[in-house]
Amino acid sequence: MTALVAVGAQWGDEGKGKIVDWLALSADLVVRFHGGNNAGHTLIVDGRKTVLHLVPSGILQPGTVNLIGPGVVVDPRVLLQELDEIQAQGVLRDPSRVRVSGRAHVILDWHIALDKARDEARRESAIGTTGRGIGPAYEDKVARRGVRVADLLDPAGLHKAIDRLAKEKNFELVELHHWPAIDPDALFDELVELGRRLEPFVDHTGRIIDRALRENKKVLFEGAQGTFLDIDHGTYPYVTSSNCVAGAACTGAGVGPTRIDFVLGITKAYTTRVGGGPFPTEDEGAGGRWLGEKGMEFGATTGRKRRCGWLDLVVLREAAIVNGFTSLAMNKLDILSGLAEIPVASAWKIDGKLTHEFPMTLEEVARAEPIYEVLPGWREDVSGVRSYDALPANARRYVERIESLVSVPIDVISVGPDRDQTITRRTVF
């Protein structure tokens, strides 16, 4: 068997969709194991762009089965709209190629409204939520009062669950936030219809994964967001509401850790993040503008402009530790073409003390001053390069210096957004 987990090594937006789509050329199953439609994965194949939010990024490969695991929170409207769109494009001719776990929790109207209302109430201290209801849905899941996809197929049980939630949720919306109440009867009627439409896609995804692994098929687990948005290991509280690290594939998909063979970390050749929170290598000057404009750094889900800065190896080393990377994929190397010099943060200084390790508290990260090593740049356009040896010498030096400072091999390099703009140094899957 071969099971590979592909996860983001930074604050999300690392280009996971492009890499997962490329890896899916070799995959039998592609499994999404956490998060919700707060993640947007952009795939470009032969110049045609597809943006996905819930459907796994292997869907453009006709031989793959794509699973949404129990660790995902599902907005049924968004999922069905996505399925309609890809069916209209002729991508999903066989509905059995998408399976949704009946154990995945459902994002309800209350979750979306409360997400927006709470973030608005925080004002200056807002964490920059996408307003998609992700956090409140996970909150209900952990509090053992959530509604699951399988519940949408049981109207009697669903009606009781909606009635139970209505009083509490509407009280918070109306009395605390002065937002309009949500009609539980109208919501119930809509959810029953959504459940009817979703039913052909609902399955026990854990059993599908188990059978595939027993049959020595290739299973690719696709992470959403990035390591430093992880609820436990990220820059809390400026994080998402799920575990984004590689270990979450086990709980979020339903497989044991002994069945995972490889972990691929995905990083940009520089660093970006969306929303609030500390970002030590952020460049608010000309360098950051260069990266943002040339890299077209706008969120696939929200359209928000991303904050941009230089590659941070303190961050990347920590990601390697908590995920157990066996190799790295580096995206957007082409964006650095044209720079005479490229700074890389090899360490931080916090309160006058040099450190190469990621600290425990947000306050320490916020006080961190990056210690840069400046590497020589290159002028050549690398977007048409398809072999590592054909890259400019300084581009290879950049890659190899990162490898040596992080102690993880960079086996995949992306030099453009299209699937074929990918350089393989060593087969990872």
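Since this is a predicted model, take the numbers as computed values, not measurements.
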Visitor: Do E172 and R118 sit within salt-bridge range, that is, some charged N less than 4.0 Å from a carboxylate O?
Guide: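 Salt bridge present between E172 and R118.
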Visitor: Kindly write out the residues that satisfy side chain to side chain contact (heavy atoms under 4.5 Å, CB included) with E363, not counting sequence neighbours, or none if the list is empty.
Guide: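 Checked E363 against side chain to side chain contact (heavy atoms under 4.5 Å, CB included); matches are T361, R367.
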Visitor: Could I get the full list of side chain to side chain contact (heavy atoms under 4.5 Å, CB included) partners for K294, not counting sequence neighbours?
Guide: W290, I335, S337
Visitor: Check R145 with D140, please: is the shortest side-chain N to carboxylate O separation under 4.0 Å?
Guide: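 Result for this pair is yes, salt bridge flagged.
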Visitor: So for atom CD, which belongs to Q87, do other residues, nucleotides or ligands contribute more than 12 heavy atoms lying within a distance under 6.0 Å?
Guide: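 Above 12, so yes.
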Visitor: Tell me, please, which residues at least two apart from F188 pass ring pair (Phe, Tyr, Trp, His ring centres under 6.0 Å).
Guide: H159
Visitor: State which residues pass side chain to side chain contact (heavy atoms under 4.5 Å, CB included) with T272; sequence neighbours excluded, sorted by chain then number.
Guide: D13, K268, Y270, E297, R306, C308
Visitor: How would you list, by chain and number, every residue that makes a ring pair (Phe, Tyr, Trp, His ring centres under 6.0 Å) with F228, sequence neighbours excluded?
Guide: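 Residues passing ring pair (Phe, Tyr, Trp, His ring centres under 6.0 Å) with F228: W11, F358.
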Visitor: Is the shortest distance from a Lys or Arg side-chain nitrogen in D411 or R426 to a carboxylate oxygen in the other one below 4.0 Å?
Guide: yes
Visitor: Under the rule for side chain to side chain contact (heavy atoms under 4.5 Å, CB included), what residues qualify as partners of D154, not counting sequence neighbours?
Guide: A156
Visitor: Taking atom CD of E190 as the centre, report whether more than 12 heavy atoms of other residues, nucleotides or ligands fall under 6.0 Å from it.
Guide: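 Above 12, so yes.
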Visitor: Can D312 and R317 be counted as an ion pair, charged N to O under 4.0 angstrom?
Guide: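 No, this pair does not count.
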Visitor: Charged N to carboxylate O below 4.0 Å: is that the case for R196 and E199?
Guide: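 The answer is no: the pair does not qualify as a salt bridge.
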Visitor: Supply the atom-to-atom distance L83 CG to L198 CG, rounded to the nearest 0.5 angstrom.
Guide: 7.5 Å
